[in-house]
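One structure is given here, and the rest of the page talks about it.
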Amino acid sequence: MSHHHPRHLLAVADLSAAQLSALLDAAAAFKADRDALGQPLAGQHVGLLFEKPSTRTRVSTEVAVAALGGHPVVLSAGELQLGRGEPIADTARVLSGYLDALCVRTFGQERLDGLVAHGSVPVINLLSDAEHPLQALADLLTVRERVGALAGRSLAWIGDGNNVAVSLATAAGMLGMRVRLACPSGYEPDARALAAAQRAAADGGGAVEVGHDPGWAVAEAVAVATDVWASMGQEEQAQERERAFAGYTVDDALLDRAAPEAVALHCLPAHRGEEITAAVLDGPRSAAWQEADNRLPTAAAALAWVAGALPDPEPRA
Ligand code: CP
Ligand code: NVA
């Protein structure tokens, strides 16, 4: 990887719509043939740093690094001096001397900015409080596989306007989807993130709207997505959130109001009986398991892109 102008993937908006499409194509190619993207990480060492728990992201990214010929170095914050208060700036500076790229799951987006500012290698966001860009790639690959071309189709988000919601709404809007989020009052996406998603969607021929009525959101939707009501770091709010999110469960009755071909998305882990019923998550309209599978090819595509191994498409006129 070039260390002179490292490419970062901190948020979906770091990609153009053309790059986002190219990443989905690369992921599909990798899924069909593990050798399709070559070995762009051969001889390279990629750090995977986790300040929060992870199952899917941790394993899919580790496998993706290895599949592209690289060596993953998995790091838990609690086992690093970072967990004892060594500044992130110092950590970034030191790790940049050993590693060719750093993939990080953390809290505030400013921690990622700190790694970029004080390190010298590419940084990929593996989930922050603000965004989960690799999840959005997997989600859109899944929708494309299940219902076909994305532009002009509708996608609904039910529940918390959280990190996963922001990344998915931004990415779907950029590719021309009409996105409706139904969130309880006070749990809408961050205003600045929403405005940015709306601008990106307008550029891509899509739209992002926020309301409070799940029935409004799912009308005509080909994908109905949700996520936990209390994200990592919000555990102490779980009870008040359970009250606030009453009526925002994705169940069969709600899916029946969406398009006939609609699938349910959930990034997992799920709380059956809260944000999604067991009948939906484990039923025929669930795409959640395919979505989890798609974390691997999309992680591979993102790593290849950051490594400069994917041809860079011209932005759409
Ligand atoms: N969807 C997702 O990011 O799962 P993990 O927290 O298990 O990585
Ligand atoms: N919104 C959730 C997603 C977990 C993959 C969280 O941040 O905890």
Side-chain angles (χ1 to χ4, degrees), residues 9-12 27 46-65 72 74-78 103-112 124-143 157-171 181-184 187-190 193-194 197 223 225-238 241-242 244-245 248-250 264-272 274-276 281 286-303:
L9 182 49
L10 306 184
V12 168
V46 177
L48 311 177
L49 169 56
F50 290 89
E51 296 200 280
K52 292 173 177 170
S54 173
T55 297
R56 280 144 288 270
T57 307
R58 165 148 179 199
V59 179
S60 61
T61 311
E62 183 169 352
V63 172
V65 169
V74 181
L75 306 163
S76 303
C103 306
V104 186
R105 169 167 288 197
T106 189
F107 293 89
Q109 199 74 4
E110 75 286 348
R111 292 182 75 72
L112 294 168
I124 295 181
N125 178 1
L126 297 182
L127 180 148
S128 63
D129 292 344
E131 285 236 17
H132 196 357
L134 298 195
Q135 183 69 53
L137 294 176
D139 299 352
L140 291 184
L141 179 63
T142 307
V143 177
W157 178 272
I158 308 298
D160 193 15
N162 64 14
N163 44 6
V164 175
V166 165
S167 290
L168 179 55
T170 305
L181 300 94
C183 311
Y187 296 95
E188 300 90 348
D190 167 76
L194 176 62
T226 189
D227 187 13
V228 291
W229 292 338
S231 283
M232 290 182 278
Q234 299 172 334
E235 288 81 4
E236 76 292 342
Q237 299 170 26
R241 282 172 171 265
E242 237 178 272
F245 285 85
Y248 287 84
T249 301
V250 174
L265 295 175
H266 194 308
C267 62
L268 305 174
H271 291 139
R272 289 175 176 79
E274 293 184 21
E275 75 277 3
I276 192 165
L281 186 65
S286 173
W289 312 103
Q290 187 173 339
E291 189 182 355
D293 284 346
N294 281 338
R295 294 299 307 277
L296 173 57
T298 47
L303 285 158

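The residues of the chain are indexed from 1 along the displayed sequence. All values derive from a computational prediction rather than experimental measurement. When reading the values below, keep in mind they use all heavy atoms of this one structure, side chains included, and skip hydrogens, waters and symmetry mates. Indexing begins at 1, ligand by ligand and atom by atom, following the structure's order.
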How far is [atom] from the closest protein heavy atom, and which atom is that?
{"atom": "atom 7 (O) of ligand 1", "value": "T55 N, 2.7 Å"}
{"atom": "atom 2 (C) of ligand 1", "value": "R295 NH1, 3.4 Å"}
{"atom": "atom 8 (O) of ligand 2", "value": "M232 N, 2.8 Å"}
{"atom": "atom 4 (O) of ligand 1", "value": "R56 NE, 2.9 Å"}

Would Q109 and S128 count as having a side-chain donor-acceptor pair, cut-off 3.5 Å?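 Judged by distance alone, the side chains do pair up.
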Which segment of L127 sits under 4.0 Å of ligand 2 when only heavy atoms are counted: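 Side chain only.
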Quick one: does ligand 2 sit under 4.0 Å from the side chain of N163, the backbone, both or neither, non-hydrogen atoms only?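 Near ligand 2, N163 shows its side chain, while the N, CA, C and O stay back.
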Any atoms of ligand 1 less than 4.0 Å from a non-hydrogen atom of H132? List them with their elements.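 Those of ligand 1 that fall under 4.0 Å from H132 are 2 (C), 3 (O).
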Within a distance under 4.0 Å of any heavy atom of C267, pick out the atoms of ligand 1 and give their elements.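 So the answer, numbered in order with elements, is 1 (N).
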Any N/O of H132 closer than 3.5 Å to an N/O of ligand 2?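 There is no such contact.
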Over 60° means perpendicular and under 30° means parallel, so tell me whether W229 and F245 are parallel, tilted or perpendicular.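 Taking F245 first and then W229, their aromatic rings lie parallel (interplane angle under 30°).
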Ligand 1 contact by R105, heavy-atom criterion under 4.0 angstrom: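 Judged by the 4.0 Å heavy-atom criterion, R105 does count as contacting ligand 1.
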Should L268 be listed as contacting ligand 1, given a heavy-atom distance under 4.0 Å as the test?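 Checking ligand 1 against L268, which is what was asked, there is a heavy-atom contact under 4.0 Å.
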Between D129 and K52, is the closest basic N to carboxylate O distance under 4.0 Å?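 Yes, charged N to carboxylate O under 4.0 Å.
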Report, in ascending order of atom number, the atoms of ligand 2 lying under 4.0 Å from any heavy atom of L268.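 Answer for ligand 2: 5 (C).
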